[in-house]
Each structure stands twice: as C-alpha cells, then as structure tokens.
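Step one of this worksheet: look at the structure below.
Every heavy atom of this structure was used, including side-chain atoms; hydrogens, water molecules and symmetry mates were not. Within every chain, numbering begins at 1; the chains are lettered A, B, ... in the order of the sequence lines, protein sequences first and strands thereafter. These numbers were taken from a predicted model, which means no experiment stands behind them.
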Amino acid sequence: MSWVYLELIASPFFTGRSMTTELSQNYDPAKVETKWYSAWEENGCFEGNIDSGKEPFTIMIPPPNVTGVLHMGHVLDNALQDIFVRRARLEGKSALWFPGTDHASIATQVKVEKALRDKGTSRQELGREKFLERAWEWSEDHGGVIFNQLRKLGASCDWRRSRFTMDDAYQRSVQHAFVELYKRGYIYRGKRLVNWCPASQTALSNEEVDMRPQKGKLYKMRYEIVEEPGRFLEISTTRPETIMGDTGVAVHPDDERYADLVGKHCWRPFPKAEIPIVADRAVEKEFGTGVLKVTPAHDQVDFDIGKRHDLPLIDVMNPDGTLNDLAGDEFDGMDRFDARKAAVAKLESLNLLVEAEDYDNNVGFSERAGVPIEPRLSEQWYLKYPRVEEAKRAVEKGIIRFHPKRWEKVYLHWLNNIQDWCISRQLWWGQRIPAWYRKGADRSDPENWHISVDGPEDTDNWEQDEDVLDTWASSNLWPFATFGWPSDDPKVRAELDYFYPTSMLVTGFDIIFFWVARMIMSGLELTGEAKEPLSDEELDSRIPFKDIFIHGLIRDSKGRKMSKSLGNSPDPLDLIEKFGADGLRFGIINIAPSGSDILFSEERIEIGRNFCTKLWNACRFRQMSGDVSGNASLDAILERLAETPLEGYSNWILFRMLETTQEIENQFERFEMHQLTHSLHRFFWGDFCDWYVEAAKAMLQSKDDPRHGVALAVSDFVIRQSLLLLHPVMPFITEELWQAMGFSEDGAFIQESQLPKAADLRQAMVSRGVAVDEAGAQRIEEVNGLISQARAIKAEYNVASKRDVTLFVSPADDSSTLIVSENLDTIKKLAGAATIELRKEVENLPGAVSALGTVYLDLTSAIDVEAEKERLSKELEKLGKAIQAGEGKLNNASFIEKAPPAVVEGARKQLAETKAKREEVARLLESF
RNA sequence: GCGCGGGUAGCUCAGUUGGUUAGAGCAACUGGUUUACACCCAGUAGGUCGUAGGUUCGAGUCCUAUCCCGCGCACCA
C-alpha cells in the first residue's frame, strides 16, 4: 500500500520521515475528518466488488428522499449501517453498502407544486411536460445534498454505484416488474372506493391514511316514510353533506322496531327522492336509533350494503372535495365542509333535524396533505400481494430474522390482515404506469389494454395511462433493481449472484409495512420463476435480506416527535461541528436503546465527544512515554512481550481485553447494539485509562525498570485492539490514531487490517508464549478493591490530595500478604501514599476492610472518634444484614439440596468473606 | 375492541437461560492541577425494581391479576 503512504506524507499532516506523527494537545475532528474521508474515497476503500475469496456482506441503504436533508433519524440509521459495514470489512468480508435516493412521488410533487404556487402558477397551468421539467430541476438542485452530509458523518457507501429510483434503468426495472406481475395475474384494474386525498387529488393506499380522533357532531334527523305519511325514521349521521348521495336506508334484519318497514321507502329530503328501506346485518342495532343512511358512493360499509341490495351509486363530489351538480344547484361547487353546515341548516329549515350532539370519532386523514380522506369511487390499478404465505413462512422459520425479534409479530399481524394494494396515483412525478389504452375505447375492458415495458408499436392509436405508481411500488424492488435486474448481462447476473440476498437491512419500525414487508414479497416473487410453492431453499435464495435490524425513532428530550415547527430538531451538521462526527456517532449509538423511542438531547451525546478526547489523550500519553516503533503488526507487538512474564496489572488488562473482545463479538452476532458503546467505554476508559495506565505510571518511571518495556508493549497491544474494536463506531479518530501510533503497515488504512476474534487473539498470544491467567486477573480486581478502600478512607478524612500519607495494611492471610507485597508500589501510586507498611495489628486508627485485608490511615492529628465510630457502625449494620441473608440461605436444607453445587459453594465463600470482614470491622470499632 | 412495548437511583437507560450485598452515564454533593486528558481525577449520597398475589431453596428476572404510560392495527354511521 505504498501509494497510500506516499500520498499521506505529501499531506501537511505528515511532516517527518517517520510513519507516525506527534499528537497535538487537543483532538481537532474537523481537520482529521475531511482529510481521511477524501483519502478513503480516493483510494477506493468503500468499493464493494465481487471477491470470490471473500464472504460478501451487503447492505442496501434505505433510500432517503432525493430532496431531503440529513436529520437525526438518518444519523442513527446510517451510523448503524456504517458500523455493520465497517465491522464486516475488518472481519475480512467483501463489504458493499449500496447508496441511493428515492423520488418520493407525492412528497416531492407537493413541494414542487408549492414552489409553483409561490410563483403564481400551477402544474395544471404548466402542463405535464413542463411540470416534469421543473420537478427534475428541483430534484437535481436539491439532490445529492444528503450524500455530502452522509460523507460528513463518515458513511462508507460505495458512491460509484449510487442509484436514483427515477434513473432510466431503475424505471425500466419498475416497469418490468409491473408487466411481470400483471402477466402472473397479480395486477388488475378495478372500480371501487379508494382513499381519495382531495388536496393532492390522488388515490392513496390504506397505509397512507392516518386515523385521527376528531371532535364532531352526531346529527339526528328524520326521514318520512313514503308509504305511511306522517311516520318518520330517525337516523343519525356525522356526514349530512352526503345526504344527497343517499340511495337507501338500512336496518338490522332482526330489529323488531323496524321489521314492518323493510321493503317500504322513505323520502330523501334533498334532492327529494324515494329511497328503499333494506335489511342488512352490517347495521348495529345498538348504535343510535339503529337506522343507517346508505350512501354507497361515499362510504365503504355503505358501498358493500349497496352492492348487496343493488342500490344505485350517486357520486355527489368532485375530485377536489367540492360538491357537484348531482348534489343539487344550491350545493354545486360548495366545499364539503361548507356543504355540511348548509345541509344541517337546510334540515333545520325543513324541520327534519332532531338534535345535534357533540361526538368524538376517528376520521382518516391523508398522511401527506393532512386533510380528511374522502372515500371515492374510481378506477385504479391494484396489486394482489404475491407470496404472502411464503413471506410469513420465511420469517416464521427464521430464514429472515427480525432484531429485536418482537417486530416479527407486527409484521405477521399485518400480513394476516392484508388487503389488495391500490398502486396507481393521480400524480405526475413518478414512474408512469406501463399501460396503454386503445384511443376512444372503453378503458375498463381488458381487450383495449396494452401492457408492456416498451409500449405499443402503433403509437397513433394508443394512449398511455396518465397515472404513476405509488413510490413504494417502486422502492420495494430496491434490493435487486439497483443491481440492474432484470438483465441477461453477465455482470449483472454475477453481481446479483454474489451480493443478493443482501446481508441485512437497517431501518425504523415505522416502515415495516410500507417497505420491509413489500420488499420481501416482491423479492420472493420476482427474483425467480413463477412457480408454486417455493421450497425453503428457494426462499433462502430469493429473500432480499437475511437479518432486519429495527431501531427506534429519535424524539426530543421530552419525548416529542422532532419537527421543524417545534424547532426541536437539531441540524446534524451543527452537532458534527460541535462533537465531531465520531463523537456524534458514539453518542447517538450510546443512547439508542432497544425500545421504540430514543430521547435525544445534546447533553446525552456529550459522552461521545468526551470519549474521543479520552482516546486521543491516552494515545498521546503513550507517545510521550516512549517511541512507537515496533507496532506495525500484531505479531511485532507480541514479540516484544514474548520474553518477559506478565506482571499482575498487565495480565489483568490483557485478560479484560480478551473478555471485551468476546463480549463485542457476541453483541454483533446477536445484533444487540445497545451494549456496544457501554462495553467499549467501560473497557477503554474504566479499565485501561483509570487503572492500567495509572498503574503503569509506576513501571514507566524509570527506563531501567525491566517492566518498562512490558508496560509499553501491553499498552500498545490494548490500544491497537481497542482501535480495531472502536473503528466501526468512530472511523475517523481511530484511523488517525492508527497511523499516528504506528500500527499501520506501510501506510495501509486501518480497514485493511483484520480484527482478531477473541479466540484468534488468544491463540496468537499462546503461540508467542504470552498467556493470560484468569486467577491472576481476579487477584488484581482484589488489589483494586483495596486501593478503592484506601482512597475512600482518605477522602473521608479530606486528605485526598496529600500524597505523603502513610498507610498501614494488615493482610487477611498469607496469600494476601504476597499479593499486596507484589503490588506495593502500584498500590502506593494508585492510593496516593508515600509509604505503606504491612502490620499485623493496628489500633486507634481509621480503617477500611477489603477482601485482601484492612487498610488504615495513619493520622498524626487527632481523629474524629465519633464520626469514625458512626461510619463503622453503619458498615457493621450493612454486613450484618448480608450475613443474615447468607446464613438463612445456607441453613436452609433445601437450598443445599437443590441449588447447584457451584452456587452453594459461592454462597459459602461469600459468607465466610463477609463474616471475616464483619469481625474486622467490629474489632476496628472496638479499638476506639 | 385486538395486539405490542414499557413502568428499576433526580433524569435517560442496562440487567443474558431465576443464583453473591441490583449497575452505568448524566445531574447532585465533597475534595483535588499527582508524568495524558477539567471534554479530567478521587470519593459520597441516592433504589422495599408500578401494585397485589403465586411458583421456587431462591424472583428485578417466571406465572396470574391489576393500575398507569407509549405505540400499532381495527373501527359504529
């Protein structure tokens, strides 16, 4: 990799002849981040290519909206993906993170239309062609912004491959899928009630409708019986504006109150008409008066009733939500909500309104436009979902796995209640439906259809469907259409062969229905022949991904959704400036629990920035302690350790390093990312910096100390492994330190190294005669306990800063004497004592008890006897309780009998230790 | 109505198949410039794990009931 090296020494940061650089006092993320990102990109670090010698690892980015800008949700989603991808590279896999953007049909069109309105024009005025030109301009002006933002975050996507769902090739894939699904009988055209958005004037799928609680009125009114003038039926409705579309009145067949009226008629008040009274089981007897007005053209239930009783459909509304001439002259052109008021007034004037009571109900709203949905009769394209059963089976059998597993249920529940999907949209920005109709002919007759990717040859006599496809109907092909599916091109086939099924998907739970489930179904159907059923092996090769990592949504610290209007949505770029990209990444991963909501506040991610500083300074300290040559490989470091036996603390920290390596390995295997940063933080900061480095300071005092070299080599070993473990989370700073600390071989990037697994690491150590010993590590934990007690007793007497104190230690037994003596200078250093004397008996001095023995503080001045007595009494009480619990347990015959021997043994040991401790504390107390 | 998740220290959360005296970060308090780091170091305090039962030698962890909070799906006009 000497070309990398040449380039780096040419940069101002690499001044000397040495590979390594001296670290500045403070970590400057901005400088490091831009430098390394361009170096990585220029050297093709993120390119995912077929490498038959390596296991593939593929992630498809959930494509952000082409005109979108980076928000906190993206930060979390993409930081996670980057962590998985970078980890895969360090594990020696051929990793591909495939980026791209989505055209977001309705969202983008709404934005472009708003821009047009601001300029005093409209899409209708411009016409389709001009409008699309504007939309393309818009997406080009705003597109790509998010890619640069993702770069700032450190995302290691293979940018060469970037796809946009409106690319010609992608559009062709979408059209091909449409044609194929049509041929296989899954796509059809149907006339039925759809969720109509009067604002965007398009049909929507069920998933795009939000049910929102509304405070409205329930109007009770009277319809006169035609056959029995003077007799009235009382009917309740929330929507009087649809009276004009009523074509019947329904009661329950078992409802005795109205049994004699079934088959008769009543008067629709306006426009005045006779409508039949029918009996239908869809009516709830208990609700209101038990009489339902039936408006088949404006309500799903009514539509079904109308069908059963052959009632006519009268559509009284225009696409924009105003009423039409069928509603009568006085309502024609009136907005639906004005019409509601007008209809009520008219009922009142006709003396037909009985009452209007306050009423809470749920109304469907257009997710995008935020206006109430209008059920509307229209002809649309529908998809009968393919492979529903197999999509369920894939998850039930664990061929696809959700992490956390509980999202399976959400997914399965949705699939169990699935309904056909309305995929056509009356929009212009999007993929036009590849269907043509014979000009002037009846469009509802399939005889007059032409469905193909290329369209009819005889273009004069055919016209293409004006509509476009739902965005999700194109993005559900993302895992394979991005590669160029379908194609006979050997390159495309080879890539699909190698990278598909992809390894995993990382996304939020909010799009499990919209996207995840649909990708699974389309993958199962389209990536192979139309055969039934599919075997498990076929499922295995057709699924779009094997593991689905579901994370939560980011909210503000009060749990509110982030939104522009609330102003509680921080700009990630500001945060990167403030905390560094690595700091932000570490911080956001650290607060992302496995639940569904993530409460964000800047305070909570400071830990990331602080951790970067800690890492930086630990490395700086290591540099200041001795030169860093001899770090160029794992083996080089091990070689430096080969001759000398490991001192207590060195053994301990290497043991902890192996434990941590294993822990993190398990977390990745189980997709339990919520503990990842905790493990890393605890080990590097809590164990290495707070204990090992401090302990090593004693060994580093003199270069003549034989332990000097060991301390440096152990530090290098730990830092090296830590950088590898941290790299996926904090790519920039770890790369900088990797180079600066001389771990890079010939200038190679950190990602070109291998992350040794715990087992390999242990093996490599053993083969060099560097063996760690668990029992020895355990003893050091006890030494740490003793030191903590010493510090505590000093703090108690406010002598924390004084280093000239004398401590007495009376060891618990012979082996403790040995351990304390062996580590005496370290204990002195860490406890902050000038001298430590081992004594059997000490009287009249404040002391604290640890597993290794009692530590006393030698005070020349008088001590506060009362305070000391109180403290010891409190301690005694605490120990008494513990002993009581322990004895209770051990005196219990069934505990001895039934509990595993190891647990019983543990309890015995624990009790013995606690008893010894209590005796010691009691003795101390009496000595005053 | 059906389903899912949660209720553990002031706050945000960990807590593997039930097994030592329930942890972390932040905040608080006390003290501290000791060979890196004040974005730091040392220490202290703070919890009857929502409530009530049950299973068990042993329950934060399993079961039942119940109360709160959040979310999803369905929806009666």
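Heavy atoms of A:S788 sit under 4.0 angstrom from primed sugar atoms or phosphate atoms, though from no base atom. Within 4.0 Å of A:R609, counting heavy atoms only, lies at least one base atom of the nucleic acid. Using a 4.0 Å heavy-atom criterion, one finds that A:E284 contacts the bases of the nucleic acid, with or without backbone contacts as well. As judged by a 4.0 angstrom heavy-atom cut-off over every strand, A:V410 is placed among residues making no nucleic acid contact. Nucleic acid contact class of A:D690 (heavy atoms, under 4.0 Å, all strands): sugar-phosphate only. Here A:Q701 lies in heavy-atom contact (under 4.0 Å) with a base.
Between the C1' atom of B:rG25 and the CZ atom of A:F611 lies a distance of 13 Å, rounded to the nearest Å. Put simply, CG on A:D597 is 13 Å from P on B:rG6, counting in whole angstrom units. Distance, A:E602 CD to B:rA27 P: 14 Å, rounded to whole Å. The separation between A:F895 atom CZ and B:rG58 atom P is 11 Å, rounded to whole Å.
In this model, the phosphate group of B:rG15 is not approached by any side-chain N or O of A:H678 to a distance below 4.0 Å at OP1 or OP2. The phosphate of B:rC40 (OP1 or OP2) has a side-chain N or O of A:N610 nearer than 4.0 angstrom. A sub-4.0 Å separation between OP1 or OP2 of B:rG43 and a side-chain N or O of A:R791 is present. Listed pair A:W616 / B:rC40 fails the phosphate criterion, with no side-chain N or O lying under 4.0 Å from OP1 or OP2. Between A:S625 and B:rA36 there is no side-chain polar atom (N or O) within less than 4.0 angstrom of OP1 or OP2. Taking 4.0 angstrom as the limit, A:Y359 places a side-chain polar atom (N or O) nearer than this to OP1 or OP2 of B:rA77. Regarding contacts with the backbone of B:rC71, every side-chain N or O of A:K409 stays at 4.0 angstrom or more from both OP1 and OP2.
For a distance-only test at 3.5 Å, the side chain of A:S601 fails to qualify as a donor-acceptor partner of the base of B:rU12. Counting atom types as modelled, A:K220 pairs no side-chain N or O with a base atom of B:rA77 as donor and acceptor under 3.5 Å. Taking 3.5 Å as the limit, the base of B:rC73 and the side chain of A:N417 contain no donor-acceptor pair of atoms between them.
In this structure, A:I243 and A:Y219 have side chains that are not in contact, with every pair of non-hydrogen atoms separated by 4.5 Å or more.
Residue order along RNA chain B, read from the 5' end via each residue's closest nucleotide, puts A:I607 first among A:I607 and A:A698. In this structure, A:N26 and A:G288 both approach RNA chain B, and ranking their closest nucleotides by distance from the 5' end singles out A:N26.
When both distances must be under 3.5 Å, the Watson-Crick or G-U wobble mate of B:rC40 is B:rG32.
Between B:rG5 and B:rA77, the distance separating the two C1' atoms is 33 Å to the nearest Å.
Among the nucleotides B:rA36, B:rA77, B:rA14, the one closest to any side-chain atom of A:Q675 is B:rA14.
Salt-bridge annotation for A:D302 and A:K293: absent, with no side-chain N of the basic residue lying under 4.0 Å from a carboxylate O of the acidic one. Here A:E234 does not pair with A:R257 in a salt bridge; the nearest charged N to carboxylate O distance is not below 4.0 Å. Ionic pairing of A:D716 and A:R622 is present here: one or more N-O contacts between side-chain nitrogen and carboxylate oxygen are shorter than 4.0 angstrom. For the pair A:K285 and A:D255, the salt-bridge criterion is not met [side-chain N within less than 4.0 Å of a carboxylate O]. Classification of A:R707 and A:D825 as a salt-bridged pair holds, one side-chain N sitting under 4.0 Å from a carboxylate O.
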